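Scroll down for the structure; my scribbles are underneath it.
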Amino acid sequence: MYDFDKVRDRRQTNCRKWSPKMIKEKFHLGQDAIPLDLADIDFECLPEIKEAMLARAEMGEYSYTSVTDDFYEAVIAWNKRRFNLELEKDWIRLTFGTVSTLHYIVQAFTKENESVLINTPAYAPFAEAIENNNRQLCCSPLIRKDNRYDLDFENIEHQMQTKSVKVFIFCSPQNPSGRVWSKVELEKIAELCLKYDVLLVCDEIHRDILFERESFSSIFNAHADIAQNCILCLSPNKAFNLGGLKVSYVAIPNEKIRETLYQQLTKNAITSPHVFAVPAVISAYQHGEQWLDELTAYMQSNFEIFYDFVEKNMPKIKVMEADSSFLAWLDISELFSDEVDMTAFFTQARLTTVPGSYFVQDGEGFVRLNLAITKNMLQEVLNRMRESYEQWERS
């Protein structure tokens, strides 16, 4: 059994999320603030990852490195064991983080002013990868039904037809809502991309923490032909908290697509990986299964506590039920007329959050909170929210 209730002072680790300087500058809050904005976890790392990196550090040299066969073996075994996903070594390429990889993909497969599609609300760097490279951003809003998101297939097809979309960056599970798309939904997405010759870029980096594992299907398993028209973006960063190593990887079965992206990586001088990245990933995938299962159960419990407390004590706040990950998506539109009031509410509670406007468009009236915290801290967060809510209702 792993101890996810262990209290850790992350201010001593120079992490962005808990940096007093950044909290003060960005949110105007002091030492007693609880940060719920950045998407990382507050729990101690899998012990075997720490041991693997310490063993590598003790070697006493940190020069240029390479990707070893045991990395590929670990990646292939993990994907098969956890997701019934069959990958081959030649398809896999280690990259320096998913966000930068999206930039390289946009550069490699589109020209200036060509269109790239995303669903909204969306993680802002999706749009930045498009707009930073002078491409046209196309947005297909998700449909909210019974406090859940659905895909608007008619709108997606309309965008592909009328905007000459070249690439569709698709998030599965979805960020910020944690929605897991069904196999049927994924199949429809694949069919549209094949019909209109749109390259599908599927970001599955939030797939490891699944509250019902059987509900998730990788895009490669959703449609027999989509693997030949798809780049799959994967990473252990979210579940195992390895974001500081800038480690992610892509899987690309189509040789032509693979070579096109590799040429772009060469142009951007993407060569040898971070010296600690390979041993960290190998250790996570070889030893992290029980740890991840326990973390997932802990996160599911956190969500249940959060749902129940908010429903009973803050009825004007509606929490969208998550299927995965550790990010809570809250509809606060009944309580606040705008984000100025929302910001004042959470500042009063001494909590940092991500406002809905961050998520490109269609996120107005929402806020995202990170629940990957200890239960004691979660209770403190809820108490602060309730106090602020009661004061807001009285005013």
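Fair warning: this is a prediction, and the values are worked out from it, not measured in the lab. Just so it is clear, the values below take in all heavy atoms, side chains as well, and ignore hydrogens, waters and symmetry mates.
More than 12 heavy atoms of other shown residues, nucleotides or ligands fall within 6.0 angstrom of atom CD in Q379. No more than 12 heavy atoms of other residues, nucleotides or ligands sit less than 6.0 Å from atom CZ of R16. Taking a 6.0 Å sphere around CG of N14, one finds it holds 12 or fewer heavy atoms contributed by other residues, nucleotides or ligands. In the displayed structure, Q391 atom CD is contacted under 6.0 Å by more than 12 heavy atoms of other residues, nucleotides or ligands. Counting heavy-atom neighbours within 6.0 Å of E154 CD, excluding the residue itself, gives a total of 12 or less. K375 NZ: more than 12 foreign heavy atoms inside a 6.0 Å radius.
Looking at S357 and E339, their side chains do bring a donor and an acceptor atom within 3.5 Å of each other. For the residue pair E51 / S283, no side-chain donor-acceptor distance below 3.5 Å is found, with atom types taken as modelled. For the 3.5 Å distance criterion, the side chains of Q290 and E294 qualify, holding a donor opposite an acceptor. Remark: the Y196 side chain and the Q161 side chain contain an N/O donor-acceptor pair separated by less than 3.5 Å. A donor-acceptor contact closer than 3.5 angstrom is absent between the side chains of N221 and S217. Between the side chains of D37 and T353, no donor-acceptor pair of N or O atoms lies under 3.5 Å. For the residue pair D42 and W18, a side-chain donor N or O sits within less than 3.5 Å of a side-chain acceptor on the partner. Looking at S248 and T95, their side chains do bring a donor and an acceptor atom within 3.5 Å of each other. Looking at E304 and S301, their side chains never bring a donor and an acceptor atom within 3.5 Å of each other. The closest side-chain donor-acceptor pair between T260 and Q263, if any, does not fall under 3.5 angstrom. Inspection of the T68 and D70 side chains reveals an N or O donor paired with an N or O acceptor under 3.5 Å.
Using modelled atom types, one side-chain atom of S215 and one backbone atom of E212 make a donor-acceptor pair closer than 3.5 Å. Between the R11 side chain and the Q31 main chain, a donor and an acceptor come within less than 3.5 Å of each other. A donor-acceptor pair under 3.5 Å links the side-chain atoms of E185 to the main chain of S182, judged by distance alone. For S325 (side chain) and G178 (main-chain N/O), no donor-acceptor pair under 3.5 Å exists by modelled atom type. The backbone N or O of N237 lies less than 3.5 Å from a partner atom in the side chain of S235, making a donor-acceptor pair. Remark: side-chain polar atoms of E114 are paired, donor with acceptor, to backbone N or O of K111 under 3.5 angstrom. In this structure a side-chain-to-backbone donor-acceptor pair under 3.5 Å is present from N241 to I41.
Remark: K318 does not engage E311 in a salt bridge, criterion side-chain N to carboxylate O under 4.0 Å. For K195 and E191, the salt-bridge test fails: no basic side-chain N is under 4.0 Å from an acidic carboxylate O. With respect to the salt-bridge test (charged N to carboxylate O, under 4.0 angstrom), the residues E86 and K80 qualify. The pair K6-E44 meets the salt-bridge criterion, with a side-chain N (NZ, NE, NH1 or NH2) lying under 4.0 Å from an Asp/Glu carboxylate O. Salt bridge present: D150 and R179 bring a charged side-chain N and a carboxylate O closer than 4.0 Å. Electrostatic pairing of E187 and K183 does not count as a salt bridge here, judged by no charged N lying under 4.0 Å from a carboxylate O. One finds a salt bridge joining E289 and R82 here, because a Lys/Arg side-chain nitrogen approaches an Asp/Glu carboxylate oxygen to under 4.0 Å.
Taking the six-membered ring for Trp and the full ring otherwise, the centers of F346 and F27 sit at least 6.0 Å from each other. Ring centroids of Y2 and Y298 are separated by 6.0 Å or more, keeping the two rings apart. In summary, the aromatic rings of W291 and F4 are positioned with their centroids under 6.0 Å apart.
Looking at I257 and F109, their side chains come closer than 4.5 Å, going by heavy atoms from C-beta outward. For the pair L378/L371, a side-chain contact is recorded, criterion being any heavy-atom separation below 4.5 Å from C-beta on. The closest side-chain heavy-atom distance from M314 to F309 is below 4.5 Å. Inter-residue side-chain proximity for N133 and E112 is flagged as unmet; no heavy-atom pair is nearer than 4.5 Å. In this structure, L137 and V116 have side chains that are not in contact, with every pair of non-hydrogen atoms separated by 4.5 Å or more. Here the side chains of V250 and I92 are not in contact, with every heavy-atom distance at 4.5 Å or above. Side chains of V360 and I118 form a contact here, defined as non-hydrogen atoms less than 4.5 Å apart.
Here CD of Q107 is found 9.5 Å from CG of L265. Values are rounded to the nearest 0.5 Å. Note that CG of L87 is 12.5 Å distant from OH of Y72, once rounded to the nearest 0.5 Å. Rounding to the nearest 0.5 Å places CZ of R93 at 12.5 Å from CD1 of I231. A distance of 7.0 Å separates CG in L142 from OG in S177, rounded to the nearest 0.5 Å.
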E61 and R56: CA distance, side-chain angles, deciding distance, salt bridge (Lys or Arg N to Asp or Glu O under 4.0 Å) verdict: CA-CA 9 Å; E61 61 88 12; R56 181 62 186 86; 3.6 Å; yes
Salt bridge (Lys or Arg N to Asp or Glu O under 4.0 Å) for K17 and D40? Distances and angles first, verdict last. CA-CA 8 Å; K17 179 180 174 184; D40 73 3; 3.4 Å; yes
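Between L46 and A284 the shortest heavy-atom distance is CD2-CA, 4.0 Å. Closest non-hydrogen pair, F220 versus I226, comes out as CA-CG2, 4.3 Å.
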I'd like a table of donor-acceptor pairs (distance under 3.5 Å, sequence neighbours excluded) in which one partner is a side-chain atom from residues 329-336, with atom names and distances.
residue	atom	partner	partner atom	Å
W329	NE1	Y149	OH	2.9
D331	OD1	S333	N	2.9
D331	OD1	S333	OG	2.6
D331	OD2	R144	NH1	2.6
D331	OD2	R144	NH2	3.0

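Applying the ring pair (Phe, Tyr, Trp, His ring centres under 6.0 Å) test to H103 and every residue at least two apart in sequence or in another chain returns nothing. Scanning for salt bridge (charged side-chain N to carboxylate O under 4.0 Å, His left out) contacts around K316 gives E393, with sequence neighbours left out.
Taking the six-membered ring for Trp and thresholds of 30 and 60 degrees, F126 and Y123 have ring planes more than 60 degrees apart, a perpendicular arrangement. Ring-plane geometry between F276 and Y62 is classed as tilted, the angle between the planes lying from 30 to 60 degrees on a 0 to 90 degree scale.
Y358 and L38 fall into different hydrophobic clusters, where Ile, Leu, Val, Met, Phe, Trp and Tyr side chains are chained together by heavy-atom contacts under 4.5 Å.
In summary, of the residues considered (F303, F216, F326), a ring-ring contact (aromatic ring centres under 6.0 Å, His included) with F211 occurs for F303 alone.
Cation-pi geometry between K246 and F96 is not met at under 6.0 angstrom from the ring centre and within 45 degrees of the axis.
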